[in-house]
Amino acid sequence: MATSSVSVVVLKVSHVVRDGDSVNCTIAELQPLRAEPEDIPLDIVYEDDHILVVNKPAHMVVHPAPGNANGTLVNGILHHCRLSTVCFNPESLPDNIDDDDSSDEATVFPSESSVRPGIVHRLDKGTSGLLVVAKDEHSHSHLAEQFKEHTVKRVYVSLTCGVPSPDSGRVDIPIGRDSNNRIRMVAIPGSALQGKARHAVSRYKVVEILANGGCALVEWRLETGRTHQIRAHAKYLGIPLLGDDVYGGTKHMALSQLQSKNSSSYYGQIHQLVAKLERPSLHALSLGFRHPHKGEDLHFSQMPPFDFAEILDCLRNISSEKV
């Protein structure tokens with residue numbers, strides 16, 4: 001509520017505050033978020049008494065946040081593990097709650113005496129693929145330490161607008177929040193020294209050149225795990241991910257890029273495949289870590305889902321060149 005100099009209650013958001021006005025407002029206290037068990041089908045790749053490895057589908061949020069209270073991976077895990085409702089304060093959640101390629105910052109859900117289910121790392125809502133979940137406090141802390149020490153092996157695959165040059169490399173560019181758009185991150189050379197961003201390193205390798213250079217199948221290996229790391233580094237390289245509206249890989253961009261590299265005889269196919277883009281073309285292909293209780297090294301892999309594979313096949317039908 002804003003009060004003008006003559007004590008008028010202002011209801012219109014278009015009201016212009018003028019010099020000398022006194023403004024009073026009331027900010028409502030944030031209410032605790034509740035994660036309720038929900039019977040959501042989960043694609044479980046591995047499970048024992050201590051951990052779960054899940055193949056997360058695209059479009060599923062990992063855990064509840066303001067605006068996404070239901071239908072999350074955590075809701076499904078609570079039901080699967082027969083756990084009760086979990087409450088937590090939204091102020092304790094990081095800013096990047098649903099928007100990570102893979103974050104090294106462990107997220108916990110405090111209940112009365114446990115940290116279950118323990119989301120050790122996160123995938124962006126639009127990213128599909130492998131995710132490990134801790135089922136007890138020891139497993140959570142042990143896995144979180146592995147992520148902190150960068151010993152977890154993670155491989156992602158993406159479809160990019162264009163082909164990076166050179167066809168393999170190491171991107172060592174800090175990543176920070178975009179001052180003009182808080183849901184977007186940006187790679188800023190030298191910014192880590194000024195405290196404006198965090199150290200971020202990605203290794204990439206072109207696996208296949210597609211559609212006469214209009215796109216590429218690119219493999220990514222992460223040395224760090226920052227918010228939107230792959231997406232921000234791909235944009236920095238000038239090859240935003242196909243379908244990534246936030247980072248420039250829009251349908252318009254994809255259409256322009258593909259048409260510029262191919263003859264008009266392919267335009268019909270190109271229009272059809274671009275119309276299928278509904279998310280950033282990014283998939284967490286493999287995940288390797290040490291079991292927190294048994295001490296053995298585990299490694300899992302999961303091929304991309306149908307939507308990713310369908311677009312890849314369409315691009316290969318135009319042309320394909322292994323690298």
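Here, residue 1 is the first one in the sequence, and each next residue gets the next number.
- Counting only distance, with no hydrogens or angles, the side chain of N262 and the backbone of A211 share a donor-acceptor pair below 3.5 Å.
- Judged by distance alone, the side chains of E137 and H142 never bring a donor and an acceptor atom under 3.5 Å apart.
- With D21 contributing its side chain and R18 its backbone, the two residues share a donor-acceptor pair below 3.5 Å.
- Under 4.0 Å is where a charged nitrogen must lie from a carboxylate oxygen, and between R290 and E296 no such pair does.
- Not counting sequence neighbours, H59 has no partner by the ring-ring contact (aromatic ring centres under 6.0 Å, His included) test.
- Neither V323 nor V207 shares a network with the other; the hydrophobic side chains, linked directly or stepwise wherever heavy atoms of I, L, V, M, F, W or Y lie under 4.5 Å apart, form separate groups for each.
- At least one donor-acceptor pair under 3.5 Å links the side chain of R279 to the backbone N or O of L282.
- By the rule that hydrophobic residues join a cluster once side-chain heavy atoms approach within less than 4.5 Å of another member, L258 and Y266 end up as members of one cluster.
- Evaluated for a side chain to side chain donor-acceptor pair (under 3.5 Å) with Y247, the options H228, K235, R231 yield exactly one hit, H228.
- Within the 4.5 Å cutoff, no side-chain heavy atoms of V54 are placed close to those of L130.
- Inter-residue side-chain proximity for V23 and V17 is flagged as met; some heavy-atom pair is nearer than 4.5 Å.
- L255 approaches I270 most closely through the heavy-atom pair CD1-CG2, 3.6 Å.
- Under the 4.0 Å criterion applied to side-chain N and carboxylate O atoms, E219 and R221 are assigned as salt-bridge partners.
- Side-chain N/O atoms of S263 and S265 include a donor and acceptor closer than 3.5 Å.
- Not one N or O on the side chain of R226 forms a donor-acceptor pair closer than 3.5 Å with the backbone of A200.
- Taking 4.5 Å as the limit, every side-chain heavy atom of S168 sits out of range of all side-chain heavy atoms of V206.
- Residues K251 and E278 share a closest heavy-atom pair of NZ-OE2, 3.9 Å.
- Side chain of K153 to main chain of H299: no donor-acceptor pair is present (N/O by atom type, distance under 3.5 Å, no hydrogens or angles).
- Cluster annotation: V155 and F147 are assigned to distinct hydrophobic clusters (Ile/Leu/Val/Met/Phe/Trp/Tyr, side-chain heavy-atom contacts under 4.5 Å, transitive).
- Relative ring orientation between H293 and H291 is described as perpendicular, the plane-to-plane angle rising above 60° on a 0-90° scale split at 30° and 60°.
- In terms of heavy-atom proximity, P292 sits nearest to H138 at O-NE2, 2.9 Å.
- Other residues, nucleotides and ligands place more than 12 heavy atoms under 6.0 Å from the CZ atom of R170.
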Show every donor-acceptor pair shorter than 3.5 Å between a side-chain atom in residues 311-318 and any protein atom, with sequence neighbours excluded, or say none if there are none.
from: R316; atom 1: NE; to: E208; atom 2: OE1; distance (Å): 3.3
from: R316; atom 1: NE; to: E208; atom 2: OE2; distance (Å): 2.9
from: R316; atom 1: NH2; to: E208; atom 2: OE1; distance (Å): 2.8
from: N317; atom 1: ND2; to: D313; atom 2: O; distance (Å): 3.3

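- A donor-acceptor pair under 3.5 Å is absent between the side-chain atoms of K261 and the main chain of G162, judged by distance alone.
- Taking the six-membered ring where tryptophan is involved, the planes of Y46 and F300 are tilted, since the angle between them lies from 30° to 60°.
- Looking at heavy atoms from C-beta onward, I44 lies in side-chain contact with L52 at the 4.5 angstrom threshold.
- For the residue pair T250 and D245, no side-chain donor N or O sits within less than 3.5 Å of a side-chain acceptor on the partner.
- The aromatic rings of W220 and Y204 sit tilted relative to each other, their planes meeting at an angle between 30° and 60°.
- Remark: side-chain polar atoms of T151 are paired, donor with acceptor, to backbone N or O of Q146 under 3.5 angstrom.
- No side-chain heavy atom of P57 sits under 4.5 Å from any side-chain heavy atom of S128.
- Pairing each heavy atom of V163 with each of I239, the nearest pair is C-CG2, 3.8 Å.
- When side chains are defined from C-beta on, T127 does not count as touching H283, because their heavy atoms never get closer than 4.5 Å.
- From L222, atom CG reaches atom CD1 of I230 across 4.5 Å, with rounding to the nearest 0.5 Å.
- When all heavy atoms of L131 and L287 are compared, the closest pair comes out as C-CD2, 4.1 Å.
- Under a 4.0 Å N-O distance rule, the pair K205/D167 does not qualify as a salt bridge.
- Looking only at distances, no side-chain donor or acceptor of S256 sits under 3.5 Å from a matching main-chain atom of M253.
- When all heavy atoms are compared, the tightest approach of L242 to A254 is CD2-CB, 3.5 Å.
- Between the NE2 atom of H140 and the NE2 atom of H50 there is a distance of 16.0 Å, given to the nearest 0.5 Å.
- For the 3.5 Å distance criterion, the side chains of H233 and Q229 fail to qualify, holding no donor opposite an acceptor.
- Taking 4.5 Å as the limit, every side-chain heavy atom of H79 sits out of range of all side-chain heavy atoms of N75.
- The salt bridge (Lys or Arg N to Asp or Glu O under 4.0 Å) search around E47 returns K135, not counting sequence neighbours.
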